[in-house]
Undergrad: 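Can you read through this structure? Questions will come right after.
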Amino acid sequence: MPELPEVETTIRYLNKKVNGKKIVSIKKSQKKLRKNLNQKDFNAIKGKKIKEVKRFAKYILIELSPVSFIVIHLGMSGRLKFYFKENYQREKHDHIILEFEKFFVVYNDPRRFGMFFKLQDHNEIKYFFRNYGVDLLLDKINFPEIREIFKKKSVSLKQALLDQSIFVGLGNIYANEALFHSRLSPLRLTNSLNSQEILKLIKSCRYVLKLSLKNGGSSINDYKSPDGTLGSFQNMFSVYQKSKVTLKNQSFPVKKIIQNGRSTFFSPTLQK
């Protein structure tokens with residue numbers, strides 16, 4: 001599943017290409033996504049200019065002028081592709097095609113767990129995202145508030161990192177990597193951490209996200225940037241899908257467990 005760095009990589013690429021450009025037409029396949037545009041939305045989108053492409057959590061927001069928003073979630077296997085018109089050849093899982101004067105932006109999704117829908121204005125955007133928490137790449141951290149949340153909860157650190165009401169955009173891969181970087185066990189309960197450990201965890205989450213973003217995200221299974229470029233952060237994983245880690249010429253075993261239906265990789269020796 002594309003996570004925050006992959007979504008951020010996508011919007012940074014697209015924002016340079018589509019800002020100020022007019023949508024000439026929009027077409028869709030007969031296949032349904034998890035959440036879809038309707039015919040009224042198609043009529044409202046056609047002919048509008050793109051003001052900005054931005055991100056909220058793992059959602060892509062295409063702001064149109066006059067104001068409205070195309071909202072996209074890549075789901076398990078979705079991606080946005082960019083083609084100049086002369087280079088485009090339709091593929092099996094291309095479900096939405098945004099046509100511009102000289103190029104196409106195409107939403108491709110083999111599993112169709114993604115979403116591609118429209119919200120009318122800033123109030124609808126605010127309401128849709130009302131239960132989401134802090135964006136570790138964009139937002140200023142209110143540390144006393146986060147500390148209070150951790151103190152009141154009694155869930156595993158892995159579960160807390162995947163809780164979008166606390167931190168948005170963190171997925172399974174980056175939760176594993178951040179916990180290893182902070183040397184905290186995924187089995188620790190949130191209310192067992194002291195202030196220094198919480199601060200260390202927040203810094204580790206930011207570090208891992210920024211490092212992945214710098215390397216174009218993680219290309220596992222389906223993810224590629226809109227121009228087809230693969231990310232390289234998967235080559236830098238410390239524990240995810242590993243059997244051991246090596247530090248200072250010493251090898252430490254990595255254990256795999258299942259937490260809330262997701263795979264967790266950690267080093268019991270190094271993470272306490």
Side-chain angles (χ1 to χ4, degrees), residues 1-9 55-59 73-77 113 131-139 141 143 146-147 149-150 153-193 196-223 231-245 252-272:
M1 175 188 290
E3 298 184 19
L4 190 151
E6 291 79 57
V7 175
E8 184 72 21
T9 299
R55 177 183 60 77
F56 192 100
K58 289 187 279 189
Y59 288 82
H73 192 285
L74 300 176
M76 295 292 293
S77 60
F113 289 157
N131 294 322
Y132 282 72
V134 174
D135 189 309
L136 290 167
L137 286 184
L138 299 178
D139 297 337
I141 302 294
F143 182 73
I146 298 299
R147 182 177 57 196
I149 290 172
F150 272 54
K153 283 184 175 291
S154 182
V155 299
S156 72
L157 291 184
K158 173 71 177 301
Q159 185 178 342
L161 290 185
L162 297 181
D163 184 344
Q164 299 297 293
S165 71
I166 303 174
F167 301 123
V168 303
L170 274 172
N172 193 49
I173 292 172
Y174 298 106
N176 278 270
E177 292 295 305
L179 285 164
F180 177 76
H181 186 267
S182 66
R183 298 297 190 265
L184 293 170
S185 169
L187 299 171
R188 285 277 298 275
L189 298 181
T190 50
N191 58 7
S192 74
L193 268 62
Q196 186 176 359
E197 288 173 321
I198 297 171
L199 187 60
K200 182 195 296 186
L201 181 58
I202 291 171
K203 288 181 176 179
S204 291
C205 288
R206 278 182 156 167
Y207 171 81
V208 168
L209 289 172
K210 288 180 178 179
L211 184 61
S212 179
L213 183 58
K214 183 179 179 180
N215 288 276
S218 303
S219 287
I220 297 178
N221 299 327
D222 304 286
Y223 174 72
S232 62
F233 186 64
Q234 68 275 8
N235 302 321
M236 305 171 72
F237 289 164
S238 296
V239 289
Y240 187 71
Q241 294 184 336
K242 301 288 186 181
S243 60
K244 63 180 180 179
V245 294
F252 301 92
V254 171
K255 185 177 182 180
K256 177 184 177 182
I257 61 173
I258 303 297
Q259 290 180 286
N260 302 102
R262 307 298 298 275
S263 298
T264 296
F265 296 84
F266 73 109
S267 171
T269 307
L270 298 173
Q271 294 172 250
K272 301 297 183 182

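Quick note: residue numbers are just sequence positions, from 1.
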Undergrad: Quick one: pull up OG1 in T190 and CG in D163 and give me the separation to the nearest 0.5 Å.
TA: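 Spacing of OG1 (T190) from CG (D163) equals 10.0 Å.
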Undergrad: Hey, is K58 close enough to E6 for a salt bridge, meaning N to O under 4.0 Å?
TA: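 Looking at E6 together with K58, the answer is no, because their closest N to O distance does not fall below 4.0 Å.
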Undergrad: If you look at every heavy atom in L161 and C205, which pair is closest and at what distance?
TA: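 Scanning both residues completely, I find the closest heavy atoms to be CD2-SG, 3.9 Å.
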Undergrad: For the CG atom of L270 and the CZ atom of F180, what is their distance to the nearest 0.5 Å?
TA: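 Going from CG on L270 over to CZ on F180, the span is 5.5 Å.
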Undergrad: Could you go through the side-chain contact (heavy atoms from CB on, under 4.5 Å) check for D135 and F167 one step at a time?
TA: CA-CA 6 Å; D135 189 309; F167 301 123; over 6 Å; no
Undergrad: Would you say that V254 contacts F266 through its side chain, given a criterion of any heavy-atom pair below 4.5 Å between the two side chains?
TA: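 Counting from C-beta outward, V254 and F266 never come under 4.5 Å.
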Undergrad: Would you call F143 and I198 a side-chain contact if the rule is heavy atoms closer than 4.5 Å?
TA: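 F143 reaches I198 side chain to side chain.
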Undergrad: L213 and P5: which non-hydrogen atoms are nearest, and at how many Å?
TA: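 Heavy atoms of L213 and P5 come nearest at CD1-O, 3.7 Å.
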Undergrad: Would you find a donor on one side and an acceptor on the other, under 3.5 Å apart, between the side chain of E3 and the backbone of G169?
TA: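 A pair under 3.5 Å: no.
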Undergrad: Does a side chain donor of either Y132 or S165 reach within less than 3.5 Å of an acceptor in the other side chain?
TA: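 Their side chains do not contain a donor-acceptor pair, so the 3.5 Å distance test is not met.
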Undergrad: Between D139 (side chain) and I141 (backbone), is there a donor-acceptor pair under 3.5 Å?
TA: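 The answer is no, because no donor-acceptor pair under 3.5 Å joins these two groups.
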Undergrad: Return the OG to CZ distance between S156 and R188, rounded to the nearest 0.5 Å.
TA: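 It is 12.0 Å, given to the nearest 0.5 Å.
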Undergrad: Nearest heavy-atom pair of H181 and V208: which atoms, and what distance?
TA: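 Taking every non-hydrogen atom into account, CB-CG2, 4.3 Å.
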Undergrad: Under the 3.5 angstrom rule, does the side chain of E177 hit a backbone N or O of Y240 as a donor-acceptor pair?
TA: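 Judged by distance alone, yes, a pair lies under 3.5 Å.
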Undergrad: Working to the nearest 0.5 Å, report the span between CZ of F237 and CG of N176.
TA: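 Separation between the atoms: 9.0 Å.
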Undergrad: Report yes if the side chains of P186 and Q271 come closer than 4.5 Å at any heavy-atom pair, otherwise no.
TA: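 Yes; the side chains approach each other to less than 4.5 Å.
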Undergrad: Quick check for you: to the nearest 0.5 Å, what is the distance between H73 atom NE2 and F56 atom CZ?
TA: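 These two atoms lie 12.0 Å from each other.
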Undergrad: Is the shortest side-chain heavy-atom distance between L136 and I202 below 4.5 Å?
TA: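 Touching, per the 4.5 Å side-chain cut-off.
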Undergrad: Has the side chain of S185 got a donor or acceptor atom that lies under 3.5 Å from a matching backbone atom of K272?
TA: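 The answer is no, because no donor-acceptor pair under 3.5 Å joins these two groups.
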Undergrad: Looking only at atom types and distance, does a side-chain atom of N172 sit under 3.5 Å from a main-chain N or O of S263, one as donor and one as acceptor?
TA: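 Yes, N172 side chain to S263 backbone: donor-acceptor pair under 3.5 Å.
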Undergrad: Apply side-chain contact (heavy atoms from CB on, under 4.5 Å) to residues L193 and L157 and explain how you reach the verdict.
TA: CA-CA 9 Å; L193 268 62; L157 291 184; 3.8 Å; yes
Undergrad: Without hydrogens or angle criteria, can the side chains of N260 and K158 be said to hold a donor-acceptor pair below 3.5 Å?
TA: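 Short answer, no.
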Undergrad: Could you give the distance from CG (L201) to CZ (R206), rounded to the nearest 0.5 Å?
TA: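 L201 atom CG to R206 atom CZ measures 12.0 Å (nearest 0.5 Å).
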Undergrad: Would the distance check show the side chain of S192 and the main-chain N or O of L189 forming a donor-acceptor pair, the cut-off being under 3.5 Å?
TA: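 A pair under 3.5 Å: yes.
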Undergrad: Does any non-hydrogen side-chain atom of L4 lie less than 4.5 Å from one of Y174?
TA: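 No. Closest side-chain heavy atoms not under 4.5 Å.
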Undergrad: Examine R55 relative to Y59 and say whether NZ or CZ is less than 6.0 Å from the centre of the six-membered ring and inside a 45° cone about the ring axis.
TA: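 No, cation not above the ring by the 6.0 Å, 45° rule.
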Undergrad: Test side-chain contact (heavy atoms from CB on, under 4.5 Å) on F252 and K244; report intermediate values, then the result.
TA: CA-CA 5 Å; F252 301 92; K244 63 180 180 179; over 6 Å; no
Undergrad: Examine distances only and state if a side-chain atom of N215 and a backbone atom of L211 form a donor-acceptor pair shorter than 3.5 Å.
TA: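 Pair found, side chain donor or acceptor close to backbone of L211.
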Undergrad: Contact between L187 and I257 at the side-chain level, heavy atoms closer than 4.5 Å - yes or no?
TA: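 Yes; the side chains approach each other to less than 4.5 Å.
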Undergrad: Which heavy-atom pair separates I166 from A160 by the least distance, and what is that distance?
TA: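 It is CD1-O, 3.8 Å.
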Undergrad: Quick one: does K255's side chain get under 4.5 Å of P268's, heavy atoms only?
TA: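 Of all side-chain heavy-atom pairs linking P268 with K255, at least one is under 4.5 Å.
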Undergrad: Any non-hydrogen side-chain atom of L184 less than 4.5 Å from a side-chain atom of E197?
TA: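 The answer is yes; the side chains approach within 4.5 Å.
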